[in-house]
Number of protein chains: 2
Amino acid sequence: MVHYQPVDRTFGALADPTRRVVLERLGRGSATISELAEPSGMTLTGMKKHVRVLEEAQLVVTVKVGRTRLCHLGPRRLDDVREWVDIYRQMVNEQLDRFGELLDRTKGEPH
Amino acid sequence: MVHYQPVDRTFGALADPTRRVVLERLGRGSATISELAEPSGMTLTGMKKHVRVLEEAQLVVTVKVGRTRLCHLGPRRLDDVREWVDIYRQMVNEQLDRFGELLDRTKGEPH
DNA sequence: CTGATAGTGAACCATCAGGTTCAGTATCGC
DNA sequence: GCGATACTGAACCTGATGGTTCACTATCAG
């Protein structure tokens, strides 16, 4: 563990397929914990945990409405991911040429 | 667990700060396991594991050269992330208006 | 050949993550 | 008020993850 960074949470939150499904569902409109849990047959408690993770990553915002909790997509943190991916992609492009050269060199060598 | 998807590995690999540091390092040029491990003081075995994760996510490619293993950035999988982020971002934009309306509505309600 | 170097794999350990059950609490509908 | 509903939190279980040590193999330099 190098050091804590918000982007950790973002990537971590996105790494779970259940949570990506939740985000996709919320992309079609707000939903309660029950509504999010129902399709997968997960318990409310389990889904609540996922929603919490998404909330901490600021990918989702929730509002308690009566006895239900309405969940919506949140606006933030995606910039972190986007920025990182862009930087990374740039690095890849810069490296690819050298990598190709290296492959060509090592190809000729005995292993 | 909904179902396995390659993008899981990608996000999972990116979720660890140590691994992102490795990717950034490789962005400045190829490196051996030792060279990757040295800055953080991690054991070679530990770093090897991280490199393996990055390899499985196809974010990194390695070549055994003599007794060293050269690691380079890999070209793939980033498209998965990029695509997902773009879709997600589009959803967010579509939702933001409705979310704003909802906030306005609930604001007036007694809690 | 020989010692030092670089990596590897197995085994182990501690912590975290995803999930459950169960026992609340708060709210809704009547 | 009262039962049903929706969520919440604590406690617990299991498997994965991040890391180590240790013994071993392969290669390099001389």
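Every chain is numbered from 1 and lettered A, B, ... according to where its sequence line falls, protein lines coming before strand lines.
- Between the CZ atom of F11(A) and the P atom of dC16(C) there is a distance of 22 Å, rounded to whole Å.
- Within the 4.5 Å cutoff, the side chain of M42(A) has heavy atoms near those of the T18(A) side chain.
- Summarising the geometry, the separation between CG on L36(A) and P on dT8(D) is reported as 12 Å, rounded to the nearest angstrom.
- The phosphate of dT8(C) (OP1 or OP2) has a side-chain N or O of K64(B) nearer than 4.0 angstrom.
- If you take CG of L44(B) and C1' of dG19(D), they are 13 Å apart, rounded to a whole angstrom.
- Distance R52(A) CZ to dG18(C) P: 13 Å, rounded to the nearest Å.
- The distance between atom CE of M42(B) and atom C1' of dT17(D), rounded to the nearest whole Å, is 12 Å.
- Contact between H72(A) and V63(A) at its shortest, heavy atoms only, is NE2-CG2, 3.7 Å.
- Taking atom CG of residue D16(A) and atom P of nucleotide dA17(C), one finds them 11 Å apart after rounding to whole Å.
- Between G66(A) and T45(A), the one whose closest nucleotide on DNA chain C sits nearer the 5' end is T45(A).
- Under the 4.5 Å side-chain contact rule for hydrophobic residues, L73(A) and V53(A) do not share a cluster.
- For the pair H50(A) NE2 and dT8(D) C1', the computed distance is 16 Å after rounding to whole Å.
- At least one side-chain nitrogen or oxygen of K48(B) sits closer than 4.0 Å to the OP1 or OP2 atom of dT8(C).
- The structure places CG of L54(A) at 10.5 Å from OG1 of T10(A), a figure rounded to the nearest 0.5 Å.
- Dashed line: the shortest gap from a side-chain N or O of R69(B) to OP1 or OP2 of dA6(C) is not under 4.0 Å.
- Applying the 4.0 Å criterion to OP1 and OP2 of dA6(C), one finds that T68(B) has every side-chain N and O outside that range.
- Phosphate proximity of dG18(C) to R19(A): present, with a side-chain N or O under 4.0 Å from OP1 or OP2.
- Closest heavy-atom contact between S40(A) and L36(A): OG-O, 4.4 Å.
- Taking the nucleotide of DNA chain D with the nearest heavy atom to each of G46(B) and R67(B), the more 5' of the two is matched to G46(B).
- At the heavy-atom level, I33(B) lies under 4.0 Å from the strands shown only through sugar-phosphate atoms.
- Atom NZ in K49(B) sits about 10 Å away from atom C1' in dC13(C), given to the nearest Å.
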